[in-house]
Each structure stands twice: as structure tokens, then as C-alpha cells.
Novice: 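Take a look at this one; I'll ask things after.
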Amino acid sequence: MEYKFSEIEEQIKKFWSDKNIYRVGDAESGKPKYYVLDMFPYPSGAGLHVGHPLGYIASDIYSRYKRMKGFNVLHPMGYDSFGLPAEQYAIQTGQHPAITTEQNIKRFREQYDKMGFCFDWSREVKTSDPEFYKWTQWIFIQLFNSWYNNSTDKAENISSLEKIFTTEGNANVKAAHAEVKIFSDNEWKNFSESEQQEILMRYRLAFLSEAYVNWCPALGTVLANDEVKDGVSERGGYPVERKLMKQWMLRITAYAERLLSGLNDLQWSESIKEAQRNWIGRSEGASAKFQIADSKLQIEVFTTRPDTIFGVTFLTLAPEHELINQITPDSHKKEVEEYVLYAKNRSERERMTEVKKITGVFTGAYAIHPFTGKQIPVWIGEYVLAGYGTGAVMGVPGHDSRDYGFAKYFNLEIIEVVKPIPDPFPKEGRNTGATNSLPLGESRSGAEAFEGEGKNINSAFLDGLKTADAKKKVIDEIEKNKIGERKINFKLRDAVFGRQRYWGEPIPVYYDENNIPRVVDENDLPIRLPEVDKYLPTETGEPPLANAKNWKYKNKFEFEKTTMPGWAGSSWYLFRYMDPHNKNAFAGKDKLDYWKQVDFYIGGSEHATGHLMYFRFWTKFLKDLGLVHIEEPAKRLVNQGMIQGVSQMVYFSKAEMKCYSTDLLRNSFENYNWTYADVNLVDAKGNLDIEKFKSWKPEFAEYKFQLNEDKKFICATAVEKMSKSKYNVVNPDDIIEKYGADCFRMYEMFLGPVEMSKPWDTKGIDGVNRFLRKLWKLFYSDDGKWLVTNEAATNEELKILHKTIKKVEDDIEKLSYNTSVSAFMICVNELTDLKCHKAEVLKDLLLILSPFAPFTTEFLWQEMKQGGSIVTTEFPKVREELLVKNSFEYPIAINGKTKTKITFALDKEISTIEKEVLDMEILKKYFEGRAPKKIIVVKGKMINVVV
RNA sequence: GCCCGGGUGGUGGAACUGGUAGACACGCAGGACUUAAAAUCCUGUCGCCCGAAACGGCGGUGCGGGUUCGAUUCCCGCCCCGGGCACCA
């Protein structure tokens, strides 16, 4: 019988679906749980390319393996189906994004099914489904109704805060909040309703706030920080500018400390953890207030180097700083206003690309140094960011490179206050670890700012102290004199949550008769996305939802018109899979208790600072409310690498109207132009199908094609990202059609470690294809006879089998799938050599191979009449006793170079081995008459003789 | 600039915790089968040198040093590639 994978796949697919084999139960299964999750895909119109399934295959193998190991495995799939592309398409064509999205989901589903993934589709979720976004809105309401209590270090209901305000005011409240004035209980009671609500808004975890946001005019919406890369939008690459806008935001900064410390215990890749640490950007230091001369005003700065305070020669304010107007004397108003205007009109992009450019202006005002009493000038500079710290810095040009650059440029005073301590034990050729340290005796004059640690000079009471001690001492002084306080700052900013877009979850907020924002009643959820006749903003610049007719809460109140960002639904979806059809809660308590958290999460590293941050934030929030019992959503995270494309290029000369086979050009490429050729027009050996190329790119129809000596036309290649525009996309459907799903799955794994990026090269797939055919031949002869016998297996055969079981088991745990595929190949090669067709061996081989090649193994399992399904059968146990070795072939090295091999029993005395080795005749010639100095015997490893 | 990864044959990659570098494949070369092709099977395949062959010699894991009986693996200093962050006080 021939190996006809497409028939097998059809038959087995039906077998599984008839048996409902992938249906996953909950606690009643009586088994320990294991939760494997793939990152939520956005169903794009392009479908999947060969790179996407990499992670899915890896998680699928793991899920199948865990299931065979006795776990109740949850391995669900769904869609993050709100998003920009469908909406952009809607704007262009008028087609409702829901329709486009549905079509794309259908296509994704077809592709998933072909690959034989063990998803339990009865648990499928879609973020754009009202049954799903009802709970996204519900969580938003909880965020709105919560504040973060820094004393208990958790989120609490806003009512507890109101109670405190009523009994004692806000003076002693430790909370994450925007700037508020201190008020007493009586004052609170006398505030109007809207004043009270205005204050509460400054404490809520979901809040409306006026802030500088990333505005993207081309997309017509604001973006969160992680959605902006290099000053342009991550999606589409459109310019982004800073704009002051009233926006819904989430107070993720309240969780900064927990988001940071929680990283330590996670089994995530170091690079992702580092990316998150940098993004959170915790720094310790102090705030200090500088009095403005002849004024009651003070300017507060934040610094991580309070020990350098005696080196302060100026202050710099961000152009957006709110005190600028008040401190600037009339004499300097004009220049200052001009400068502020200039800075304001510079886009984020310009600012970023011109980082080196130094700009600034003197305000005309002076501040008083809190310790020396000296007057120092107050400047405005673009290098100071409004959103970080206090928006003002103390200029220490001696010990900060930016301050140094600024001072040099504007000719401001520079004072040295920290001297580096020379390394007393300099190690030759070694990095001492100290940054910027100078060799002993070298002077610092004319050098740049020294940013390292050292000893204080020119610093009054700090003189002679080492940096760490000076910091401590100066902060004590600062606090004692009420100049400022010890402070921790974070780079992390609150997340902009509203989007001026149509295709997203409506924010469940309305505005009452006093225009106070209120969340809707939970019983009114979901607030459905209304129909609109066009998806663009209104003529008055309102978001698309303002186009909806008769869309009012309780028929009279205006709804909020912005929608939630793409990452809203994906911030909590892990819980919905546990209980996807629950009508009364986002997930039932019993389900949450059983499934707890994701044990194994797999997805791309591009989500390091976006999704993975919000995902953790929402989980922590839900935990604070007692709704879930876990602090972190995913214990172990693996980032699959990218599968790159191999682009094919044709070199040509326009003048000659001629294309050249690449091997003819050698080193003269620069004299020619090139153009992409679709990878599908090039055969496995790099040979271009010229006729097809001509009809694909008609502008080359009249060109001559210069072939090489073998009468071939060879394309140049480059490894690049797989993308439509590079014509290097390989579609998994084509591969599956040609080689079958099992072969596709195994080949993707065989390509290399899951975490690494690598180019897709279809050529290599033949190796895996041959392997599957060889496997088949252990079961069927060429003329279709069933070969499997019930003969007892020999020791040698069992050894081969159990060696493979052990290897595969270890490899799966380590996700080293490429080496398990090798192990299978070795096993089948060895069994083929022994002509082994014994059921005893083959049955276990099928079992261990089944997570990789589920279709073929299930088919053969059924042919072997083993009963049940291979999917639900137990993973075979290694019989270690078969693998015990009693002798070892030692490599014998002379001075570390292997010369020969000798076998010794493993329990042989080392001293006996030493003696025997030294007496060996073949080794004598290597000694060249010298007496061996030393012999090293490492049991079971090797022997080395030193002469 | 800073922070993470990574660099091994023509190609993808393997090598436990410092112990035989190049497993397993692809490709290539040669051969068998065939009228022929496909498929399949066999042999060889890191480089150089000697040789009829060797279970001969030398070199070799980006480069230069070091530690060690022994280094792809550990340490120091560089180079290159990929990714992230980027005036964060």
C-alpha cells in the first residue's frame, strides 16, 4: 500500500471529529491541569504564511505530549478580531468590518484545520463578539470603580476612598493618582458633585485626563506608547505628533513596582524580561525644590544623583513646563514664547532624529541653590521631557553628559564635584567594570562629564564621601530641610485607552446631565457597537461612533464616542477560554480555580512591551479584586523565532534590455539593476522559469535572458522578512498539498530550535518526506503487504526504541524538537537496517511520534488494531535497564588530541586502566621516547595522556 | 550610544555540567536498478598535506589573547549580524 497522506489526513480528521477527540473537560476529568496558550492572532486578510505556524506546531506538540503524560490539557484558539486593517478596508470599500473579519476568520480556521492542531474549538472566542466584549467592558467598569491604595498595595473599590475623604480628607491617603490639592473632610463635603467627581477621576484606574498623547493624523487616532516605533505608528508607519487631548487612560503606573518585581520569578526569556524592565524604567533618587529668586514659586526637580547637587549651575525646564509663563520676566517673554512655540511644533519624529541637536533658551529667571544660596539661571531645553519626573532637571554639567553638552553650547559654568576613585588593583587586559574611569594621575580638565561613581569634592558637607554615602547623606539633609524627599521614578507612562476609531469595543461610559462621565449599569452590558453609515470621523472631527443615529444611553445620555484599543480584549482572554460560554461572569469561579493560569505561553517577541505588559497588569488588577487567584498570567513564555523568506532577484541592464543569470556577473553587480522574482517562479535549484516571469512582469517581455553554461538562469537570493512586497511568501497550504500536514509539521520543527529565526527553504523538506516513507515501509511492503508481526523483539531492537523514547522525551521538555526529529530518523534508519517489523517496537514508536505526525501515526495505530485513539493513549515509559551500558569505548588523547579508541568495562578500576593504557604498544610512537608525565581518566568520557 | 540574542562545512543545524567538533538532514559527486526518467538503494563529502589505503600528519567552531591535562563551551579585549530601547535626569 502506498503512503497517500491526503487520503489518510481526510480519513483521520473525520475519525477525530466523530469521536470529538479534542473536547477538553474541566475539573471533573480528575486529572491535573495543564494550560497551553498561543498568542491571540489577529485574523488578517493575507492568511497564514509558512512562518506563522511555527509557534502553533510547537505548542501543539507540547499539548499532545502533555496529554499523553496524563494531564488534562487546555489548548484553545480564538481571534483578536477587532483591529485597524478591517476598518481601513471598511473605509475604502464601505464593507462592514464584521463581514471582512468573519471571512478572514473562516480562512484562518481552514488553514488551522489542515495542520491538524488539537484545539478544542468548542472554546473558540472572538474579541469582537458581544458575548466576549461584554466582559471586556465589564472589566473596564471595575477599573473605573477602583483606585490603587499604596498602603495595602492593591486596587480597592472607589467607595473606600470616598469614605476616607468624608471622614478625614485626602491628606493621609497614599494612592496612585494624578496631581490633587490637599483637602479636609469638611472641604470634601462642601465640594459640588462635579468637583467631587473631578477629584475622584484623579484616583480612578480608568480615568479621563488631559495629557500629551501620540496623535496619528493619518490613522485619525491616538496611540499608546508601545504602538509608536521611531516616531511613526507601528501599524502603517505614519508620522505621530504630540497633542494635548482629553483621553481615557489606564493607570498602569500604579502597578509599576509589581510589574517589575514579578518578573523575577517568571520563566520567560531574559530578553523579554529585560525589555520590560527597561520599559518600566525604575530609578531611585530624590526630588528637590529650588526657590525662584524674588518669587514665591518653586521648581521641583528629580535626580538620581542628589550627591552632585553642589555641581548644579543651572536648571532646565521642559518646554511644556507649566511655570514657564509665571517665572519669565517681561524682558525675556518674546524669546521664550518663540522657543516654546518652536518646540511645540516639532513632531516626535523630528525630536528623535535630531537628538544630538542642542536647543534652548534662557528664561531670565534665577533660582536659589538650596544649600549654597547662590543664584543659578533657569533655562528651557528640549532635552528635558515633560512626561518624566517633574519635567525639570538640575543642570550638573560636570557629571551628566546632556547637561554638559547644554552647558558647553550655551557657555554655562561647569563645576567638578565627584572625583573618580582609581582602581587599586587594575587587572591587565581586563575591564574594571567602572564606567568612564580614568587611569591614575590623569587630570580631568577638558574631559567630558564624568558620570561614574567616586568621591565628592567641592561639596561642603559631602566632601570626601563615596557616591553611595553622599547620596544617603544629602537625601537626609534634603528631607531634614524640607527641600524635597527620597523618590522613585518610573519611565512607564499611563496607557492611553481611547481610540478615535470604529472597530473596537465601545467604552461603557455615558455623560450625565451635568456632563459628568459615568459608567453604565452592569445590567446594560454589552453596549453594542452601533451601526454607522460611514467609518470616518464626522465633519466636526468627532470619532466615527458619532455618526451613529439614535445612539443614546437610556435614550437621553450621550455615550462616550471613542472605542477601546486593540489590546483590550487580549489583556484578559486567557480567562475566557476557561469558561467561554458563561453568561454570568467572565469565567466561573470553579473554572478559574481549576485552570488558574497559563502554564506555557508561546508567541512572538514583538509583544514584549505591549500585550505582555497589559496582560500582566489586568491579571494583577483582577487578582486585587479577588476575582482570580494568580498574580501572573503566564508562568513560562517562549518566543518563537521568525521564519524568514528567501527572496529571489533577477539582475538586468535596462540599456541592454538584457537579464543575466547571477553566476555570470561575479563581482560586477553594482553595474546592474535588480528586481524581485516571485519565489514560486524559481525551482528548487534557483533556476528561473523565464516564460512565467515574463508574463508575470510584462515589462520584461522583450528582454533577452543570458543563460549560464548549464543553460540555466540562476537568480540571486537574499534572506529577508517574509512579506508580500518581497514576493517571497510561501504558503503552508501549498506545502501541505504537496507533502502532507505531518511532513510540514515535522519539517518546520526540523529546521532548528523554536526560538531561533531561520530562513524557509523548501528544498530540505525532502529529508522529512523520505523519513515518513521509510517509516511507512516498516509497516507495508512495496506491494502493499502488511509486514507487522507479533514476534518478540530482540534486545537490540528494544534498545534502539528506548534510547529514542528517552531522547524524545527529554527533547520535548526542552522544546528541542529539531533534535527529536533527528532521533526519529536515526531510530527508523536503524530499525530498517535490522528489518524490524515487530508490533512490540512499532507500537511504541508510533506513540512517541504521534505529537509530531498525528495523522500518519493515528492511521497506522488503527491499522495495528490497537483500539481507541492514539491521541488519548499513554506515552510509553522508558525502560532504563535496557540502556545501562557496561563498557565504554574511550577516546585516547595525547596532549588533548584524540589518537585512538579502546574499550574498557565501566566498572574497571581507574588505576588498572591507567596502567593498561600506558603499556599499550600503539601509543608508544606518540611518546617519542618521552616518559608520560600524567594520565587523566574520566570515567565514561575519555582518557588523556600528557607527555 | 545602551541593553539583549547570535556567529560552527556549500546550506539548515548537532555536541550532556569543560571531555571524540560537524550528529541528523539538504545539496553535491560517483555508482546500482531502469530503454529512459521519477522513485529507491549504496558510497563519498570541513580544509590542506602524504599516500594504494590507513582506525596517517597538520590546521580548523568570527578575530586576538588567557585559564586548563583538555575550550564551540569559562575569562578578557575586539569584529560582524539580528532584535529591542533611545535626550528617562
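Below, chains carry the letters A, B, ... as their sequence lines are ordered, and counting in each starts from 1.
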Novice: For atom NZ of A:Lys758, is the number of surrounding heavy atoms from other residues, nucleotides or ligands below 6.0 Å larger than 12?
Specialist: yes

Novice: When the P atoms of B:C49 and B:C28 are considered, how many whole Å apart are they?
Specialist: 25 Å

Novice: Pick the P atom in B:U8 and in B:G13, then give their distance to the nearest Å.
Specialist: 9 Å

Novice: Under 4.0 Å, counting only non-hydrogen atoms across every strand here, what does A:Ile826 touch: a base, just sugar-phosphate, or nothing?
Specialist: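 Sugar-phosphate contact only.
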
Novice: Going by side-chain contact (heavy atoms from CB on, under 4.5 Å), name the residues that satisfy it together with A:Glu2, two or more places apart in sequence or in a different chain.
Specialist: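 Testing A:Glu2 for side-chain contact (heavy atoms from CB on, under 4.5 Å), a comparison that skips the adjacent residues, returns A:Lys4.
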
Novice: Please determine, for B:G5, whether a Watson-Crick or G-U wobble partner exists with both distances under 3.5 Å, and give it or none.
Specialist: B:C81

Novice: Syn or anti for B:G9, given that syn means the glycosidic angle lies within 90° of 0?
Specialist: syn

Novice: Taking the P atom in each of B:A14 and B:A23, what is the distance between them to the nearest angstrom?
Specialist: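 Straight-line distance between the two P atoms is 13 Å.
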
Novice: From B:C41, B:C85, B:A89, pick the nucleotide closest to the side chain of A:Lys774?
Specialist: B:C41

Novice: Give one of base, sugar-phosphate or nothing for A:Thr900, where a contact means two heavy atoms less than 4.0 Å apart.
Specialist: nothing

Novice: Would you kindly give the CG-to-P distance between A:Asn225 and B:C85, to the nearest whole Å?
Specialist: 11 Å

Novice: Which residue pairs pass the side-chain hydrogen bond (donor to acceptor under 3.5 Å, both in side chains) test when at least one of the two sits in residues 382-399 of chain A, sequence neighbours left out?
Specialist: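 Every pair satisfying side-chain hydrogen bond (donor to acceptor under 3.5 Å, both in side chains) with a residue in residues 382-399 of chain A: A:Ser283-A:Tyr388, A:Thr316-A:Tyr383, A:Arg346-A:Glu382, A:Arg351-A:Glu382, A:Thr359-A:Glu382, A:Tyr383-A:Asp403.
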
Novice: Could you check which nucleotide pairs with B:G10 in any of the strands shown, counting Watson-Crick or G-U wobble with both distances under 3.5 Å?
Specialist: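 Across all strands, the one nucleotide that pairs with B:G10 is B:C26.
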
Novice: Partner lookup for B:G70, please. Criteria are Watson-Crick or G-U wobble with both distances under 3.5 angstrom; report none if nothing qualifies.
Specialist: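 Across all strands, not a single nucleotide pairs with B:G70.
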
Novice: Watson-Crick or G-U wobble partner for B:G59, using a 3.5 Å limit on both distances?
Specialist: B:C46

Novice: Could you say whether A:Thr609 or A:Lys934 is positioned toward the 5' end of RNA chain B, judged by the nucleotide with the nearest heavy atom to each?
Specialist: A:Lys934

Novice: Could you check how far OH of A:Tyr817 sits from C1' of B:C24, rounded to whole Å?
Specialist: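 Roughly 19 Å, once rounded to whole Å.
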
Novice: Considering residues, nucleotides and ligands other than A:Tyr342, do more than 12 of their heavy atoms fall under 6.0 Å from its OH?
Specialist: yes

Novice: Angle class for the A:Tyr817/A:Phe852 ring planes (parallel below 30°, perpendicular above 60°, tilted otherwise)?
Specialist: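 If you compare the ring of A:Tyr817 with that of A:Phe852, the planes turn out perpendicular.
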
Novice: Could you state the atom-to-atom distance from CZ of A:Phe771 to C1' of B:C41 in whole Å?
Specialist: 18 Å

Novice: Rounding to an integer number of angstrom, what distance separates B:C58 and B:G5 when you compare their C1' atoms?
Specialist: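 That atom pair is separated by 35 Å.
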
Novice: Please step through ring-ring contact (aromatic ring centres under 6.0 Å, His included) for the pair A:Tyr890 and A:Phe888, ending with a clear verdict.
Specialist: CA-CA 6 Å; A:Tyr890 285 89; A:Phe888 180 77; 5.0 Å; yes

Novice: With a 4.0 Å cut-off on heavy atoms, is A:Arg282 in touch with a base, just the backbone sugar-phosphate, or nothing at all?
Specialist: nothing

Novice: Return no unless some side-chain N or O of A:Arg277 is found under 4.0 Å from OP1 or OP2 of B:G84.
Specialist: no

Novice: Using a heavy-atom cut-off of 4.0 Å across all strands, would you classify A:Val384 as base, sugar-phosphate, or nothing?
Specialist: base

Novice: Touch check for A:Ser283, heavy atoms < 4.0 angstrom, all strands: base, sugar-phosphate only, or nothing?
Specialist: sugar-phosphate

Novice: Could you give the CD-to-C1' distance, from A:Glu451 to B:C87, as a whole number of Å?
Specialist: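 Computing the A:Glu451:CD to B:C87:C1' distance gives 11 Å.
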
Novice: Distance between the C1' atoms of B:G56 and B:G19, in whole angstroms?
Specialist: 24 Å

Novice: Between B:A54 and B:U45, how many Å separate the two P atoms, rounded to a whole number?
Specialist: 9 Å

Novice: Just by protein heavy atoms under 4.0 Å, how would nucleotides 3-20 of chain B read 5' to 3' in B, S and -?
Specialist: SS-------BSS-B--BB

Novice: Can you list the residues that meet the side-chain contact (heavy atoms from CB on, under 4.5 Å) rule with A:Asn818, with sequence neighbours excluded?
Specialist: A:Pro753, A:Ser816

Novice: Assuming nearest nucleotide by heavy-atom distance, tell me which of A:Val393 and A:Val821 is located more 5' along RNA chain B.
Specialist: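 Result: A:Val821.
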
Novice: Any side-chain N or O of A:Lys229 less than 4.0 Å from the OP1 or OP2 oxygen of B:G84?
Specialist: no

Novice: How far, in whole Å, is B:C78 from B:G84 if one measures between their C1' atoms?
Specialist: 23 Å

Novice: Scan side-chain atoms only and decide if A:Tyr747 and A:Asn769 contain a donor-acceptor pair under the 3.5 Å cut-off.
Specialist: no

Novice: Say whether A:Asp811 and A:Thr819, considering side chains only, have a donor N or O and an acceptor N or O under 3.5 Å apart.
Specialist: yes

Novice: Going by side-chain hydrogen bond (donor to acceptor under 3.5 Å, both in side chains), name the pairs with one or both residues in residues 937-947 of chain A, residues two or more places apart or in two chains.
Specialist: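 Matches after skipping sequence neighbours: none remain.
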
Novice: Would you tabulate the pairs of protein nitrogen or oxygen atoms and nucleotide nitrogen or oxygen atoms of nucleotides 32-34 of chain B closer than 3.5 angstrom?
Specialist:
none

Novice: Rounded to whole Å, how long is the line connecting atom CG of A:Asp783 with atom P of B:A39?
Specialist: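 Going from CG in A:Asp783 over to P in B:A39 covers 21 Å.
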
Novice: Quick check: closest heavy atoms across A:Val878 and A:Glu809, and the distance to 0.1 Å?
Specialist: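 The pair with the smallest heavy-atom distance is CG2-OE1, 3.7 Å.
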
Novice: In whole Å, I'd like the distance from the NZ atom of A:Lys763 to the C1' atom of B:G27.
Specialist: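 From A:Lys763 NZ to B:G27 C1': 7 Å.
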
Novice: Does B:U35 pair with anything, Watson-Crick or G-U wobble, both distances under 3.5 Å, and if so, with which nucleotide?
Specialist: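 Across all strands, not a single nucleotide pairs with B:U35.
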
Novice: Using Watson-Crick or G-U wobble geometry with both distances below 3.5 Å, tell me the partner of B:A54, or none.
Specialist: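 Pairing partner, where one exists within any strand: none, as none qualifies.
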
Novice: Between A:Ile894 (CD1) and B:G57 (P), how many Å, whole number?
Specialist: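 That distance rounds to 11 Å.
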
Novice: From CE of A:Met746 over to P of B:C24, roughly how many Å is that when rounded to an integer?
Specialist: 16 Å

Novice: Once you apply a heavy-atom cut-off of 4.0 Å, does A:Arg773 come out as touching a base, just sugar-phosphate, or nothing?
Specialist: nothing

Novice: If you measure only the distance, is there a donor-acceptor pair under 3.5 Å linking the side chains of A:Ser605 and A:Asn639?
Specialist: no

Novice: For a quick check under 3.5 Å, do A:Ser287 and A:Glu485 share a side-chain donor-acceptor pair by atom type?
Specialist: no

Novice: Any base atoms under 4.0 Å from A:Asp782, or only sugar-phosphate, or nothing? Heavy atoms, all strands.
Specialist: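 No contact at all - A:Asp782 keeps every heavy atom at 4.0 Å or more from the nucleic acid.
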
Novice: Pick the C1' atom in B:U61 and in B:G22, then give their distance to the nearest Å.
Specialist: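 My reading of the C1' atoms in B:U61 and B:G22 gives 9 Å.
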
